[in-house]
Engineer: 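Here's a structure for you.
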Amino acid sequence: KIKACLFDLDGVIVDTAVYHFQAWRRLANELGFDFTEHQNEQLKGISRMESLELILNWGNVSLTEAEKVEWATRKNDWYLDLVKLMTPNEVLPGVAKFLTDLREAGIKIALGSASKNSKLILERINMLDYFDAIIDGNNITKGKPDPQVFLMGAEATNALPSECVVFEDAVAGVQAAKAGGMKAIGVGSADVLTEADFVIATFDEMTLERLNF
Ligand code: B16
Ligand code: MG
């Protein structure tokens, strides 16, 4: 019996990847190079500093540790300027309805995100109140595919891993769920999320009945 649902943020609840892309691209441009939306796919679910390392590699730019921190801070400021303009209309299709159904069924809801900005984003889209627990980049020491973020979510909602379902749009996130002994429902494309138990395109396809499989 499923007791808790653990949700990734970017790509599952809301599409902040477009804002990350704009801000990272500005950083790259200011450092004298560019990268594509296709390359941006690789940054999904990856922490801020890991993303920076990948991008600097693409541009063949080397920076000192102090410079890296400065540029990452700048990128985050640009990103937050975009996040501040977000509205509840940006919540992905079917998400609010499914979270409401979970609440009514007494199933716990937790966030499991790599982002250090998750509370701010949930506030902007008016969704903070749905969550019983928020585990994000501020709480974890190991990023996905390590299961830490989801294991902490299970613990915070008093559920065993086998009683949890994780919703993820990133390959590394599905791997993290599986490494933690949890069920994983992919959000996106079945061709990409091959390790998920099953994949939904959007939450319009998701029901309480489909949780217990
Ligand atoms: P921040 P998720 C991830 O969110 C994003 O997918 C990833 O692109 C980003 O680098 C990471 O959060 C860290 O975000 O810079 O806000 O701390 O998919 O794990 O919800
Ligand atoms: Mg994601």
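In each ligand, atom 1 is the first atom listed, and ligand 1 is the first ligand listed.
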Engineer: Please state which part of Lys116 comes within less than 4.0 Å of ligand 1, counting heavy atoms only: side chain, backbone, both or neither.
Structural biologist: both
Engineer: Any side-chain donor-acceptor pair under 3.5 Å between Asp136 and Asn117?
Structural biologist: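 Side chains of Asp136 and Asn117: no pair found under 3.5 Å.
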Engineer: Answer yes or no: is there an ion pair linking Glu30 with Arg74, defined by an N-O contact shorter than 4.0 Å?
Structural biologist: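 No salt bridge links Glu30 with Arg74.
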Engineer: Heavy atoms, side chains only, cut-off 4.5 Å: are Lys97 and Met206 in contact?
Structural biologist: no
Engineer: Give a yes or no on whether a salt bridge exists between Asp132 and Arg103, defined as a side-chain N under 4.0 angstrom from a carboxylate O.
Structural biologist: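 A salt bridge links Asp132 with Arg103.
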Engineer: Determine, using the 4.5 Å side-chain heavy-atom cutoff (strictly less than), whether Leu211 and Val166 are members of one ILVMFWY cluster.
Structural biologist: no
Engineer: Do any heavy atoms of Gly11 fall under 4.0 Å from ligand 1?
Structural biologist: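 Contact absent.
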Engineer: Any nitrogen or oxygen of Ser113 lying under 3.5 Å from a nitrogen or oxygen in ligand 1? Just yes or no.
Structural biologist: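 For ligand 1, there is an N or O atom that lies under 3.5 Å from one belonging to Ser113.
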Engineer: Quick test of your reading of the model: are Lys144 and Glu168 salt-bridged, counting only N-O distances below 4.0 Å?
Structural biologist: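 Here Lys144 pairs with Glu168 in a salt bridge, since their nearest N and O are under 4.0 Å apart.
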Engineer: Pull out every atom of ligand 1 sitting under 4.0 Å from any heavy atom of Asn117, numbered as shown with elements.
Structural biologist: 1 (P), 16 (O)
Engineer: What are the atoms of ligand 1, with element, lying closer than 4.0 Å to any heavy atom of Asp8?
Structural biologist: 2 (P), 18 (O), 19 (O), 20 (O)
Engineer: Report yes if some N/O of Arg48 lies less than 3.5 Å from some N/O of ligand 1; otherwise report no.
Structural biologist: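 Yes, at least one N or O pair falls under 3.5 Å.
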Engineer: Please determine whether the number of non-hydrogen atoms from other residues, nucleotides or ligands lying under 6.0 Å from atom CG of Asp129 exceeds 12.
Structural biologist: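 Incorrect, the count does not exceed 12.
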Engineer: Kindly give the atom name of the N, O or S atom of Asp169 closest to the Mg ion (ligand 2).
Structural biologist: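 Distance check against the Mg ion (ligand 2) picks out OD1 in Asp169.
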Engineer: Identify, by atom number and element, the atoms of ligand 1 in contact range of Lys144, meaning under 4.0 Å from any of its heavy atoms.
Structural biologist: 19 (O)
Engineer: Could you tell me whether the side chain of Asp34 and the main chain of Asn29 form a donor-acceptor pair under 3.5 Å?
Structural biologist: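 No, Asp34 side chain to Asn29 backbone: no donor-acceptor pair under 3.5 Å.
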Engineer: What atoms of ligand 1 come closer than 4.0 angstrom to any heavy atom of Leu43?
Structural biologist: 7 (C), 8 (O)
Engineer: Can you figure out which of Gly143, Ala170, Gly137, Gly45 has its heavy atom closest to atom 6 (O) of ligand 1?
Structural biologist: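 The option holding the nearest heavy atom is Gly45.
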Engineer: Among protein heavy atoms, which sits nearest to atom 19 (O) of ligand 1, and what does the distance come to when rounded to 0.1 Å?
Structural biologist: Ala114 N, 2.7 Å
Engineer: Hey, is ligand 1 close enough to Asp10 that some N/O pair sits below 3.5 Å?
Structural biologist: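 Yes, at least one N or O pair falls under 3.5 Å.
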Engineer: Of all the atoms in Glu168, is at least one N, O or S atom closer to the Mg ion (ligand 2) than 2.8 Å?
Structural biologist: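 Here the distance criterion (N, O or S atom, under 2.8 Å) is not met by Glu168, so no.
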Engineer: Among the N, O or S atoms of Asp8, which one sits nearest to the Mg ion (ligand 2)?
Structural biologist: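 In Asp8, the heteroatom (N, O or S) nearest the Mg ion (ligand 2) is OD2.
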Engineer: Assess the side chains of Thr16 and Asp10: does a donor N or O sit below 3.5 Å from an acceptor N or O?
Structural biologist: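 A donor-acceptor contact under 3.5 Å links the two side chains.
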Engineer: For atom 14 (O) of ligand 1, which candidate among Ser115, Gly112, Gly173, Ala23 provides the closest heavy atom?
Structural biologist: Ser115
Engineer: Side chain, backbone, both or neither: which part of Ile46 has a heavy atom under 4.0 Å from ligand 1?
Structural biologist: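 Backbone only.
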Engineer: Check ligand 1 against Ser51 and write out every atom of the ligand that is under 4.0 Å from a heavy-atom position of the residue.
Structural biologist: 10 (O)
Engineer: Could you tell me whether the side chains of Glu70 and Thr73 share a donor-acceptor contact shorter than 3.5 Å?
Structural biologist: no
Engineer: For ligand 1, which atoms sit closer than 4.0 Å to a heavy atom of Leu9?
Structural biologist: 20 (O)
Engineer: In this structure, are over 12 heavy atoms from other groups packed under 6.0 Å from Glu155 atom CD?
Structural biologist: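 Count not over threshold, so no.
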Engineer: In Asp10, what N, O or S atom is nearest to the Mg ion (ligand 2), if we give its atom name?
Structural biologist: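 Nearest N/O/S atom of Asp10: O.
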Engineer: Looking at Lys68, I'd like to know if its NZ atom is crowded, meaning that more than 12 non-hydrogen atoms belonging to other residues, nucleotides or ligands lie closer than 6.0 Å.
Structural biologist: yes
Engineer: Run the side chain to side chain contact (heavy atoms under 4.5 Å, CB included) test on Leu56 and Trp71 for me, step by step, so that the C-alpha distance in whole Å, both residues' side-chain angles and the decisive distance to 0.1 Å come before the verdict.
Structural biologist: CA-CA 11 Å; Leu56 293 176; Trp71 279 103; over 6 Å; no
Engineer: May I ask you to check whether Asp169 has an N/O atom sitting below 3.5 Å from an N/O atom of ligand 1?
Structural biologist: no
Engineer: Check each atom of ligand 1 against the heavy atoms of Lys44 and keep those under 4.0 Å away; list them by number with element.
Structural biologist: 6 (O), 8 (O)
